[in-house]
Amino acid sequence: EAGVTQFPSHSVIEKGQTVTLRCDPISGHDNLYWYRRVMGKEIKFLLHFVKESKQDESGMPNNRFLAERTGGTYSTLKVQPAELEDSGVYFCASSQQGQGLEQYFGPGTRLTVT
Amino acid sequence: AQSVAQPEDQVNVAEGNPLTVKCTYSVSGNPYLFWYVQYPNRGLQFLLKYITGDNLVKGSYGFEAEFNKSQTSFHLKKPSALVSDSALYFCAVRPSSSGSARQLTFGSGTQLTVLP
């Protein structure tokens, strides 16, 4: 079974540019999460999809971040325009429906904004 | 709101010795608790979880963790450390109530180094 995949693995962009991150969850996983780890600090929640619907986007830092999950399969996270403080590692995770089930994480996308 | 504390940024242990990585949490109601490990240049890998039942939970690679409700702790342990256990370890929590949000709240991570 393929795991969660993320693309790209690294991205270096200039302040003011746009970047789009992609996440492909494990097949059949309705739940999809985005998290971010900034500057070696704790991993923080951004948002949660159930199929194609945004269940919780309370962790999104501001309106420069836009997440979509068209068709309930893969998801994209767009940052537009990027700022220096957006640098960090963006993780995607997926899980099946049900209580107490672990989330499976992708390898992350390391975003550097210069 | 829930929170997780990993009081040690760095833990060093000699190969063959027992290891402990500490985690305490704060959450409304009963918790679901998780440990994840991140090896260099890799994503987070699930190690083990506590949902309910036996307070001692066994996971991958010989790791185990003990849930202590009175101390709100979920320390990760292994009887005999290997050099290959060297990695970054994250503790995470979420409330167990059915109406609660599903996202995990993570600690800041503990870098474990096992010395040969």
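Chain identifiers are assigned alphabetically (A, B, ...) following the order of the sequence lines, protein sequences preceding nucleic acid strands; residue numbering begins at 1 within each chain. Quick note: numbers below take in every heavy atom, side chains included, and nothing from hydrogens, waters or symmetry partners.
No donor-acceptor contact under 3.5 angstrom links the side chains of B/Tyr32 and B/Arg94, judged on distance only. Under the 3.5 Å distance criterion, with hydrogens and angles disregarded, a donor-acceptor pair is assigned to the side chains of B/Asn30 and B/Lys69.
The part of B/Tyr36 that comes within reach of chain A is its side chain, from C-beta onward, which places non-hydrogen atoms under 4.5 angstrom from that chain. Proximity to chain B (any heavy atom under 4.5 Å) is shown, for A/Ser9, by neither the backbone nor the side chain. Proximity to chain A (any heavy atom under 4.5 Å) is restricted, for B/Leu88, to the side chain, taken from C-beta onward. B/Gln38 touches chain A through its side chain: at least one heavy atom from C-beta onward sits under 4.5 Å away, while N, CA, C and O do not. If you measure heavy-atom distances from A/Gln55 to chain B, you find no contacts under 4.5 Å at all. The contact between A/Arg37 and chain B is made entirely by side chain atoms (from C-beta outward), counting heavy-atom distances below 4.5 Å.
Nearest heavy atoms, B/Ser84 versus B/Tyr39: O-CE2, 3.6 Å. Residues B/Asp85 and B/Val114 share a closest heavy-atom pair of CB-CG2, 4.1 Å.
In this structure, B/Lys49 forms no cation-pi arrangement with B/Phe34, as its terminal cationic atom is not both closer than 6.0 Å to the ring centre and no more than 45° off the ring axis. For A/Arg22 and A/Tyr74, the positive end sits near the middle of the six-membered ring, less than 6.0 Å away and at most 45° from its axis.
Most heavy-atom pairs under 4.5 Å with chain A: of the set B/Gly43, B/Ala92, B/Gly109, this distinction falls to B/Gly43.
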